[in-house]
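All remarks here apply to the structure that follows.
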Amino acid sequence: MESDVHRADWPGEPPKKMSEVSVAKRKDKCENCTKQCSKKQSGNDDGAARQQHGNGQITEGSQLLLSACLSCDGCLSEEETLKISQQGLEELEQVLALNKKCDVSKHKVLVASVCPQSLPFFAIKFGVDVADGAQKLCGFLKLLGVQFVFDTTVAAGFSILESQKEFIQRYRRRHHDSHALPMFTSSCPGWIRYAERVLGSLVAPHICTARSPQQIMGCLVKDYFCKQQNVSPENVFHMVVAPCFDKKLEAVREEFYNSLLETRDVDCVLTSREIYCLMERRRVTVEELDSIPLDHVLGDPGDAALVRHDGRGSEGFLEHIFKHAAKELFGVDVHEITYKTLRNRDFQEVTLERDGETLLQFAAVYGFRNIQTLVHRMRKGRVPYQLVEVLSCPGGCLSGRGQAESEADKGQLDKALVQQMEEAYSSLPVRLPELNPTLQTLYQDWLQGQNSVRAGKLLHTEFRNHTAPTQPPHMQW
């Protein structure tokens, strides 16, 4: 779930660090929860009698709700809070300023990777289509001093292909491995943090080990790209433009830090609205921006047309894995996927049947209320699904609070904007990652083959159980 404590600042407001944001603002994110939380340390909650002891604990009389998201600063360690405070525009501004002042030999090479779900936001704000919006965004970033601007579709393709392969492996060992199924997708950092910190051993072994598109892109930039450019990774400042605040938390995970070179795969994550606010702060208009094509990670742009993957405004892990599994396991070609809505639009399932027999049953579960329902059923052993695509944002990635929050009514989604972004995103052509020649080239030239040890190391990670298997006392199901 999105965290308001490090959300983008609005035009005219000075940027704030997490420690400077009041508790009153933090509680906005908790309004739709179904649980009580004792993690809040201070502040007043309208409509709820709250009493704080000297040790920071809240009495049982408090009724402050937490939406199961551990990304508020009440749950972050001091070290994490410090790292998150560096994930803002100030960090980018410092690098840009340093590049202007210092000797050329000490300059940082600035690389920006843009999530495809961020592009519709800029298209709507600029009043153009997605392709033109991407070129205008590229023009602005290069005006700032960014040398290379990529989109992360190629990294998402890697993540999808590796997830497909892992699902097939898990499915085939399901009878002798109790943790094989269901498999949960791993691309959403809000969900991952919740699963590790709260659900622990109940869920952690079921999470797909494929890295998220963001972190595969980070690896691609700091490894392959740096070698191609003959530059050391610590001399590259890699920023990601994303629709989601929780991507900042993902970027500072320990496993994505190279202690030898003292560099992260992703140095800074900025939300779509943070970039747009920077554009407004610098009084740059769309009309004066050059339209510059995005760069290609292989150098040669080739077919530079923007594409997307299947899915409802996210990367489409469910749809791609479903079609692949149907073909690989049962020899069935699935051309069109039909979703069956269960509780609401954000809790849907997909089923593959043959001769009255259910062969596959997948689910898409978005938003923490639906995630709570899913986990409640899992505790009771009532989850019939082999795969669940889990996203902490209701509506999926396009609805990330880093771009879809209403300017007029902060804390609420701008539904009209979300609908416009969905329409813009769906206008992009779909290309299967299996048919992307860039991926095939990179598998060979960068990873030494699809099933190589190197591919396993750079495209996968581990998720840990950070909590005791028993239910934490502050969580009430």
Side-chain angles (χ1 to χ4, degrees), residues 87 89 91-93 95-96 99-100 107-126 128-158 213-229 231 233 235-244 247 251 264-279 282 284-286 288-308 402-403 424-425 428 436 438 442:
Q87 295 275 317
L89 289 173
E91 189 78 1
L92 173 61
E93 296 272 26
V95 175
L96 292 172
N99 275 4
K100 291 181 179 179
H107 280 193
K108 291 275 190 179
V109 177
L110 271 77
V111 178
S113 297
V114 184
C115 297
Q117 291 78 23
S118 288
L119 294 177
F121 171 83
F122 292 103
I124 302 304
K125 290 295 183 181
F126 296 165
V128 297
D129 62 27
V130 178
D132 290 339
Q135 293 195 5
K136 288 289 187 180
L137 173 62
C138 184
F140 174 64
L141 293 173
K142 294 203 171 185
L143 180 66
L144 289 177
V146 177
Q147 287 101 318
F148 298 91
V149 181
F150 304 119
D151 84 276
T152 65
T153 302
V154 64
F158 274 124
Q214 170 177 296
Q215 294 310 132
I216 290 179
M217 194 69 201
C219 215
L220 186 60
V221 167
K222 289 296 180 87
D223 188 69
Y224 178 81
F225 172 80
C226 284
K227 290 176 181 176
Q228 295 299 109
Q229 296 294 317
V231 59
N235 292 328
V236 171
F237 183 82
H238 180 211
M239 57 177 278
V240 168
V241 181
C244 168
K247 288 292 184 183
R264 296 192 176 280
D265 294 341
V266 176
D267 296 291
C268 182
V269 176
L270 296 174
T271 66
S272 312
R273 196 175 289 278
E274 281 178 304
I275 293 295
Y276 188 69
C277 288
L278 178 60
M279 185 175 167
R282 296 202 172 201
V284 177
T285 64
V286 178
E288 63 188 280
L289 286 174
D290 292 331
S291 294
I292 302 177
L294 298 179
D295 296 295
H296 195 277
V297 73
L298 292 180
D300 179 12
D303 180 12
L306 283 175
V307 297
R308 67 178 177 91
Q403 65 183 23
Y425 186 75
L428 290 173
N436 187 339
T438 299
L442 287 171

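Taking all atoms of both residues into account, the shortest heavy-atom contact from Cys138 to Val149 is SG-CB, 3.8 Å. Residues Val269 and Ala242 come closest through the heavy atom pair CG1-CB, 4.2 Å. Nearest approach of Cys115 to Pro243, heavy atoms of both residues: CB-CD, 4.1 Å. Closest heavy-atom contact between Pro120 and Val130: CA-CG2, 4.4 Å. The nearest pair of heavy atoms linking Ile275 to Met239 is CD1-CE, 3.9 Å.
Rounding to the nearest 0.5 Å places CG of Leu143 at 8.0 Å from CD of Glu288. Put simply, CG on Leu442 and CD1 on Ile216 are 11.5 Å apart, with the number rounded to the nearest 0.5 Å. Note that the CD atom of Gln403 and the CG atom of Leu119 stand 9.5 Å from one another [nearest 0.5 Å]. To the nearest 0.5 angstrom, Thr271 atom OG1 is 8.0 Å from Phe121 atom CZ. The distance from the CG atom of Leu96 to the CG atom of Leu144 is 6.0 Å, given to the nearest 0.5 Å. With rounding to the nearest 0.5 Å, the separation of CG in Asp267 from CD in Gln87 is 8.5 Å.
At least one side-chain heavy atom of Pro116 sits less than 4.5 Å from a side-chain heavy atom of Thr152. Side-chain contact check for Phe122 versus Val286: every heavy-atom pair is 4.5 Å or farther apart. Considering only heavy atoms from C-beta on, Leu306 comes within 4.5 Å of Leu294 through its side chain. Contact check for Lys247 versus Val266: no side-chain heavy atoms found under the 4.5 Å cut-off. In this structure, Pro213 and Met217 have side chains that are not in contact, with every pair of non-hydrogen atoms separated by 4.5 Å or more. By the 4.5 Å heavy-atom criterion applied to side chains, Phe150 and Leu220 are not counted as neighbours. Phe126 is listed as a side-chain neighbour of Met279, based on a closest heavy-atom distance under 4.5 Å. Between Leu278 and Glu93 there is a side-chain heavy-atom pair separated by less than 4.5 Å.
A cation-pi arrangement is present between Lys125 and Tyr276, with the terminal nitrogen or guanidinium carbon under 6.0 Å from the aromatic centre and inside a 45° cone about the axis.
Within the structure, side chain to side chain donor-acceptor pair (under 3.5 Å) pairs that include any residue of residues 133-142 comprise Lys142-Asp295 (at least two apart or interchain). Sorted by first and then second residue, the side chain to side chain donor-acceptor pair (under 3.5 Å) pairs with a member in residues 112-123 read Ser113-His238, Gln117-Glu315, Gln117-Tyr425, Ser118-Ser272; sequence neighbours excluded.
Partners of Phe158 by ring-ring contact (aromatic ring centres under 6.0 Å, His included), not counting sequence neighbours, listed by chain and number: Tyr443, Trp446. Phe140 meets the ring-ring contact (aromatic ring centres under 6.0 Å, His included) test with no other residue; sequence neighbours excluded. Not counting sequence neighbours, Asn99 has no partner by the side-chain hydrogen bond (donor to acceptor under 3.5 Å, both in side chains) test. For Asp265, the side chain to side chain contact (heavy atoms under 4.5 Å, CB included) criterion is met by Arg211, Gln215, Lys222, Phe256, not counting sequence neighbours.
Of the candidates Val109, Val236, Val297, Val221 forms a side-chain contact (heavy atoms from CB on, under 4.5 Å) with just one, namely Val236.
Between the Asn436 side chain and the Thr438 main chain, a donor and an acceptor come within less than 3.5 Å of each other.
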